[in-house]
Amino acid sequence: MENPTSSRLSLAMERTGQWISSQELPSDVIVTVGEASYSLHKFMLVAKSNYIRKLIIESNDSELTRIDLSDIPGGKEAFEKAAKFCYGVNFEITVNNVASLHCAALFLQMTEEYCDGNLAGRTEGFLSQVALTNLSSAVVVLKSCSQLLPVADELNIVNRCIEAVSSKVCSEAMLPSRSPPNWWTEELAILDVKSFGKVIAAMKKRSAKYLTLAGALITYTEKKLRELVRDQTGGTGGKIKSPESSDFNSETIIDQREILQSIVPLFPSEKAAFPINFLCCLLRCAIYLRASSACKRELEERISEILEHVTVNDLLVLSFTYDGERLLDLDSIRRIISNFVEKEKSTKVFNGGSIFGDNCSAAMQRVAKTVDAYLAEIASYGELTISKFNGIAILIPKGARKLDDDLYRAIDIYLKVHTNLDELEKEKVCSVMDALKLSYEARVHASQNKRLPVQIVLHALYFDQLKLRSGAVVERDVTAERNQLQTDVTLVRENEELRSELMRMKMYVTDLKKNVDGTTSSSREVKKSTFFSSVSKKLGKLNPFKNGAKDTSTIEDGPVDLIKPRRRRFSIS
């Protein structure tokens, strides 16, 4: 069987022979680039390349017949085109080869200082006037630079490409030039992870919006980790299986792990930049690939920041292997819930409250409901131990659950599946639930549930008895409060009426006073004497001594009837 390498070399030699066969003079130098060799003419190369001229001049061998250029940037493909340029053979400069040609031209010192219209000037003109003026072209040039490092970086080609790409991406994000608006995210997805990271860093310096950055990161992750993040759920139809310990050193796993650990540090600082299902899927990838602790912690913290938006399906994504056959380690789930609870607790303490009271936030209550539903989903797996089940349930503050019905459902499923538990183990499972916080329907079910320990059943029955006994007392208390409220309303209304009457009397007296002050002094004297004379007459009629003194010695002392004036509640003094 023919060796593919020798076949490629023979094709290269054949192509080379086609553009030197017209030369009548025999070749006098052999240029070696790796395993490829080219029979060429010194004077043709020296006319364009100052580097080759120096090699020939500085060589101790006056008849130099072999030159090794294996370290030329771009390899034999770039040298072949540079040699064609020296021989005047036409070829096309494209966005795919311009970076390697430019690096090779500068390496061979094919510059304008040495010869007018040289190759370096041609490639520089194509870069500045064609390649870097278009987003797609700039991305392709940047991608090709990954095979030319560190030379392309030293020659500033990489930085020029990054600046051009980041500038045009930010412009497209603000004013899209075509549909769909995020078409440019697909363009960036062809880059290697290091070049992509440099573009994201440049976009951050240009103050790109966090949603723009997030869109680029999501598309790039879905392209590079296609099998792991398919449909943003991690589901791949059962095709991915948990690798053996030896498989974690495979080239594919190592590359995927490196990509993931390089992408996560590029995330914008805004915690709500990504949808929670994407973050859950990415954390599952980190667990599967055995990524670094720093990578997993960053994803856990971002999920905990927006945990109120999590669904049961999102939590289940984190809990099972890709084939869905067994549970993963639930440590990440516990840390995520614990971080969220601590954040809520800090917020409540800062505001002067307590998360363990009855005034838990709406977000905390939503998370509690989701966690209880999640426990019901994983309770049916036999490998779930009591400590893991309780370890998740107790993370939620008791005040966050208005009723423990959802938690009771999860406990009931757990007891139904784990039939080999003794009474003490059953009581341990039920210890996370408050039997007094069950609804009437749940208490009825619990009182008839043979899977529950006797103590829990007794608690439910005792609570119902307390409700029945206190029902009549509660009804009497409610009636008494209603009557007292009606009495208070009547008294307040009567008090207002008295106030109004007093005000009318005061206004009447004021009007009389004004009328009296407006009369003449003479009329006041007449009225005054008339008034006093009438009063004297009335007092004379009431004088007990008018007809002489009466003998009071015969009057017996007896009880005096003192009638106290009527007092009125809420009267005005």
Side-chain angles (χ1 to χ4, degrees), residues 5-23 27-56 66-132 137-158 160-161:
T5 303
S6 60
S7 176
R8 286 195 299 270
L9 291 177
S10 62
L11 289 175
M13 292 297 297
E14 182 180 351
R15 291 196 304 269
T16 305
Q18 290 177 357
W19 49 264
I20 65 173
S21 59
S22 61
Q23 303 296 329
S27 61
D28 56 358
V29 65
I30 297 176
V31 179
T32 304
V33 182
E35 297 180 357
S37 298
Y38 300 89
S39 298
L40 304 172
H41 304 85
K42 292 180 183 178
F43 72 95
M44 298 296 291
L45 299 177
V46 168
K48 299 291 184 181
S49 173
N50 188 39
Y51 178 81
I52 295 178
R53 185 183 70 85
K54 289 180 180 179
L55 285 179
I56 295 174
R66 184 172 292 273
I67 299 175
D68 186 7
L69 295 179
S70 297
D71 55 348
I72 185 173
K76 60 184 182 64
E77 291 82 4
F79 174 76
E80 183 176 332
K81 289 182 173 57
K84 285 183 177 180
F85 184 82
C86 293
Y87 278 83
V89 178
N90 292 327
F91 62 89
E92 184 181 6
I93 299 177
T94 67
V95 293
N96 291 292
N97 62 27
V98 65
S100 59
L101 275 177
H102 191 65
C103 292
L106 292 176
F107 176 84
L108 296 172
Q109 298 179 13
M110 300 173 68
T111 61
E112 298 295 315
E113 289 80 3
Y114 184 72
C115 176
D116 292 338
N118 217 338
L119 181 59
R122 299 282 183 88
T123 54
E124 172 61 31
F126 186 87
L127 274 173
S128 58
Q129 298 175 20
V130 179
L132 300 184
S137 300
V139 170
V140 173
V141 175
L142 180 58
K143 179 185 178 182
S144 66
C145 288
S146 62
Q147 305 297 326
L148 301 171
L149 298 175
V151 177
D153 203 0
E154 294 171 355
L155 296 178
N156 204 36
I157 301 176
V158 174
R160 291 170 64 185
C161 291

- Message: Using only atom types and a distance under 3.5 Å, with no angle test, would you say the side chain of S49 pairs donor to acceptor with the backbone of L45?
- Response: no
- Query: If you round to the nearest 0.5 Å, how far is CD of E80 from CG of L101?
  - Reply: 11.0 Å
- Can you tell if the side chain of Q147 reaches within under 4.5 Å of the side chain of S100, non-hydrogen atoms only? no
- Okay, side chain of N118, backbone of K48: is any donor-acceptor separation there less than 3.5 Å? yes
- From NE2 (H102) to OG (S144), nearest 0.5 Å: 12.0 Å
- Item | Side chain to side chain, V29 and Y38, heavy atoms closer than 4.5 Å | no
- Query: Which atoms form the tightest heavy-atom contact between P73 and A78, and what is the distance?
  - Reply: O-CB, 3.5 Å
- Query: Given side chains that start at C-beta, do those of C161 and V158 come closer than 4.5 Å, heavy atoms only?
  - Reply: no
- Any donor and acceptor pair, going by atom type alone, linking the side chain of T32 with main-chain N or O of D68 inside 3.5 Å? no
- Message: Using a 3.5 Å distance criterion without hydrogens, assess whether the side chain of D28 forms a donor-acceptor pair with backbone atoms of K42.
- Response: yes
- Message: Show the nearest heavy-atom pair for residues G74 and L148, with the distance to one decimal.
- Response: N-CD2, 3.6 Å
- Drop me the distance from L119's CG to K81's NZ, to the nearest 0.5 angstrom. 11.0 Å
- Heavy-atom side-chain proximity of C103 to L155 below 4.5 angstrom: yes
- Of all heavy-atom pairs between V46 and Y114, which one has the smallest distance, and what is that distance? O-OH, 2.6 Å
- How long is the span from the NZ atom in K84 to the CE atom in M44, to the nearest 0.5 Å? 14.0 Å
- Query: Is the side chain of Y87 donor-acceptor paired with the backbone N or O of L40 at a distance under 3.5 Å, no angle test?
  - Reply: no
- Message: Parallel, tilted or perpendicular, judged at 30° and 60°: which one describes the rings of F107 and Y51?
- Response: tilted
- Task: Indicate yes or no: at least one non-hydrogen side-chain atom of S128 is less than 4.5 angstrom from one of R160.
- Result: yes
- Task: Please lay out, stage by stage, how M110 and F85 fare under the test side-chain contact (heavy atoms from CB on, under 4.5 Å).
- Result: CA-CA 10 Å; M110 300 173 68; F85 184 82; 3.7 Å; yes
- Counting only heavy atoms not in E112, do more than 12 sit closer than 6.0 Å to its CD atom? yes
- Message: I'd like to know if the side chain of E92 pairs up with that of T94 as donor and acceptor (distance under 3.5 Å, no hydrogens or angles considered).
- Response: no
- Task: Give, for atom NZ of K76 and atom OG of S70, the distance between the pair rounded to the nearest 0.5 Å.
- Result: 12.0 Å
- Task: Given side-chain contact (heavy atoms from CB on, under 4.5 Å), test N50 with T111 step by step and report yes or no.
- Result: CA-CA 8 Å; N50 188 39; T111 61; over 6 Å; no
- Side-chain contact, heavy-atom cut-off 4.5 Å: I72 with L108? yes
